[in-house]
Amino acid sequence: MGFALRLILYVDMDYFFAACEEARHPELRGKPLITGTSPEETKFRGVVEAANYEARKFGIHSAMPTSMAYRLKPDIKYIYSDEPYYESISAKIMEMLSGYGFRMEVDSIDEAAMELDVADYPDALKLAKEIKQKIKQNFDLPCTIGVSTGKIFAKIVCDSAKPNGIRVLEEKDIQDFLKDKDIEKIPGVGRKTAEKLATLKIKKIGDLAKADPMMLIDSVGSFGRELFLIANGTDESTVEENVSVVSIGRERTLENNATKMNDIDSMLNNLTDEVISEVKKQKLMFKTIGVKARYADFTDRIKSKSFNTYSDSKDLVLSTARTLLGGLIGEKPVRKIGVRVSSLISVKGQRNLF
DNA sequence: CAATCGCTTCACT
DNA sequence: CTAACGAGTGAAGCGATTG
């Protein structure tokens with residue numbers, strides 16, 4: 001007791017959007033359920049955002065086209081994701097967690113890391129159980145909690161304990177736990193990175209641990225160094241209280257593909273409203289405005305423009321976005337447009353670094 | 001030649 | 001039948017540009 005052992009507790013809500021729906025509509029429980037990105041009328045143009053575990057039994061998972069989910073399970077229950085509602089539940093959960101007073105990093109709508117100041121694993125396990133039970137009692141929602149000596153280790157072990165689990169990974173067990181796991185279990189390693197590393201015959205985290213760090217850096221840049229350290233049991237990640245936002249954007253698929261500015265005007269106005277209200281809510285100003293067009297053939301184009309002063313003006317976003325999009329709309333039909341602001345500064349004055 | 005710009009790529013839910 | 005299915009949010013990286 002007493003010496004400093006850094007312990008991170010990582011909370012990840014299980015199938016969060018769908019679980020929120022089960023919590024407010026208990027009659028949905030026990031049956032396959034998905035929430036998706038598009039309204040009921042056009043649901044087949046969208047993708048699955050969350051799938052409960054009954055749905056996953058049929059091979060359904062997030063990011064899968066909704067049309068495919070229906071092919072796998074024709075009588076599946078579908079709900080159009082109600083993100084403001086999930087956001088409000090999330091805020092309450094995060095508030096409850098921050099009430100513990102530990103350093104805490106909110107990673108997404110359904111994930112958070114807490115840096116504990118307990119001195120041993122039994123205390124951390126006890127705390128994890130208490131938090132899990134509170135989330136169940138207060139919100140009727142399941143979650144999984146991972147505990148380890150670093151944020152990344154805690155996240156990986158959390159993933160391994162899903163759903164509805166708790167798992168503590170002690171320092172002495174880390175290497176052994178990691179070595180047979182696929183490298184894609186490391187946050188930040190997706191398909192492309194995995195493919196690059198596969199050409200070096202690296203598929204498991206154990207392969208990473210034995211690799212030549214220089215070859216790793218050659219293959220995936222500075223990320224290679226972090227990967228090597230992780231694989232060898234060193235997690236340098238830190239829990240950051242105020243991870244500042246780099247950009248704020250909204251994008252949405254049009255009801256009908258567009259070929260003229262006229263076709264996108266109202267969507268552009270809506271997206272701009274949403275971006276501006278988020279900017280104001282977070283008390284930010286921006287210096288760069290960007291747009292994105294996705295064509296019917298699913299190729300994307302983006303354009304952006306930077307100014308030399310900060311602003312939070314809706315009119316500026318609207319007029320700039322309209323000009324930029326004007327250059328992207330032509331023969332090729334556009335199915336989706338987006339608006340984004342970046343180069344952000346906090347209104348309180350100081351620059352938004354880190 | 002360092003900082004910024006405009007854009008592409010990638011990850012993740 | 002290995003193409004086609006295909007939303008939304010955001011960070012990182014990179015070559016080009018600029019002061």
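Here is how names work: the chains are called A, B, and so on, in the same order as the sequence lines, proteins then strands, and each is numbered from 1. In this text, all values refer to a predicted model and were calculated from it rather than measured experimentally.
Note on K305(A): every side-chain N or O is 4.0 Å or more away from OP1 and OP2 of dC5(B). Phosphate proximity of dG8(C) to T253(A): present, with a side-chain N or O under 4.0 Å from OP1 or OP2. At dA7(C), none of the side-chain N or O atoms of T66(A) fall inside 4.0 Å of OP1 or OP2 (strictly under the cut-off). At dA7(C), one or more side-chain N or O atoms of R335(A) fall inside 4.0 Å of OP1 or OP2 (strictly under the cut-off).
When the nucleotides dA7(C), dT13(B), dC5(B) are ranked by their closest atom to the side chain of F298(A), dA7(C) comes out on top. Across dA7(C), dT13(B), dG6(C), the shortest atom-to-atom separation from the side chain of R294(A) is found for dA7(C). You'll find that the side chain of E111(A) is closest to dT13(B), out of dA11(B), dA4(C), dT13(B). Of the candidate nucleotides dT13(B), dC5(C), dG6(B), dC5(C) has the atom nearest to the side chain of S67(A).
When heavy atoms are screened at a 4.0 angstrom cut-off, T193(A) is found touching the sugar-phosphate backbone but no base atom. In this structure, F44(A) reaches the sugar-phosphate backbone alone: every heavy-atom distance under 4.0 Å involves primed, P, OP1 or OP2 atoms, never a base. Nucleic acid contact class of V48(A) (heavy atoms, under 4.0 Å, all strands): none.
Atom-to-atom, NZ of K185(A) to P of dA11(B) comes out at 15 Å; the value is rounded to the nearest Å. Nucleotide dC12(B) holds its C1' atom 18 Å from the CE atom of M13(A), rounded to whole Å. Nucleotide dC5(B) holds its P atom 16 Å from the NZ atom of K303(A), rounded to whole Å. Regarding R45(A), its CZ atom lies at a distance of 17 Å from the P atom of dA4(C), rounded to whole Å. The separation between Y70(A) atom OH and dC5(C) atom P is 19 Å, rounded to whole Å. Here the C1' atom of nucleotide dG8(C) and the CD atom of E87(A) are 13 Å apart, to the nearest Å. Between the CG atom of D82(A) and the P atom of dG8(C) there is a distance of 15 Å, given to the nearest Å. To the nearest angstrom, C1' of dA4(C) lies 13 Å from CE of M64(A).
Hydrophobic clustering, with ILVMFWY side chains joined whenever heavy atoms are under 4.5 angstrom apart, keeps L28(A) apart from Y15(A).
Partner of Y310(A) under the side-chain contact (heavy atoms from CB on, under 4.5 Å) criterion, chosen from T288(A), V347(A), I345(A): I345(A).
Classified by interplanar angle (parallel below 30°, tilted 30° to 60°, perpendicular above 60°), the ring pair Y78(A)/Y70(A) is tilted.
Donor-acceptor pairing under 3.5 Å is recorded for the side chains of S247(A) and R340(A).
Rounded to whole Å, the C1' atom of dG6(C) lies 14 Å from the corresponding atom of dT13(B). Separation of the C1' atoms belonging to dC5(C) and dC1(C) is 15 Å when rounded to the nearest angstrom.
Residue Y121(A) holds its OH atom at 5.0 Å from CD of E171(A), rounded to the nearest 0.5 Å. Interatomic distance, E22(A) CD to L141(A) CG, rounded to the nearest 0.5 Å: 9.0 Å. Distance check, rounded to the nearest 0.5 Å: NZ of K155(A) to CG of D107(A) gives 6.0 Å.
Residues L216(A) and S219(A) have side chains not in contact (no heavy-atom distance under 4.5 Å, counting atoms from C-beta outward).
Remark: R24(A) qualifies as a cation-pi partner of Y85(A) under the 6.0 Å distance and 45° angle criteria applied to the six-membered ring. Both tests do not hold together for K57(A) against Y53(A): distance to the six-membered ring centre under 6.0 Å, angle to the ring axis within 45°.
One axis for each end of the helix from dC1(B)-dG19(C) to dT13(B)-dA7(C), each built from five base pairs, and the angle between them comes to 10° at 10° resolution.
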Protein proximity profile, nucleotides 9-19 of chain C - base contact B, sugar-phosphate-only contact S, no contact -, cut-off 4.0 Å on heavy atoms: BBS-S------

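Within 6.0 Å of CD in Q133(A) there are 12 or fewer heavy atoms belonging to other residues, nucleotides or ligands.
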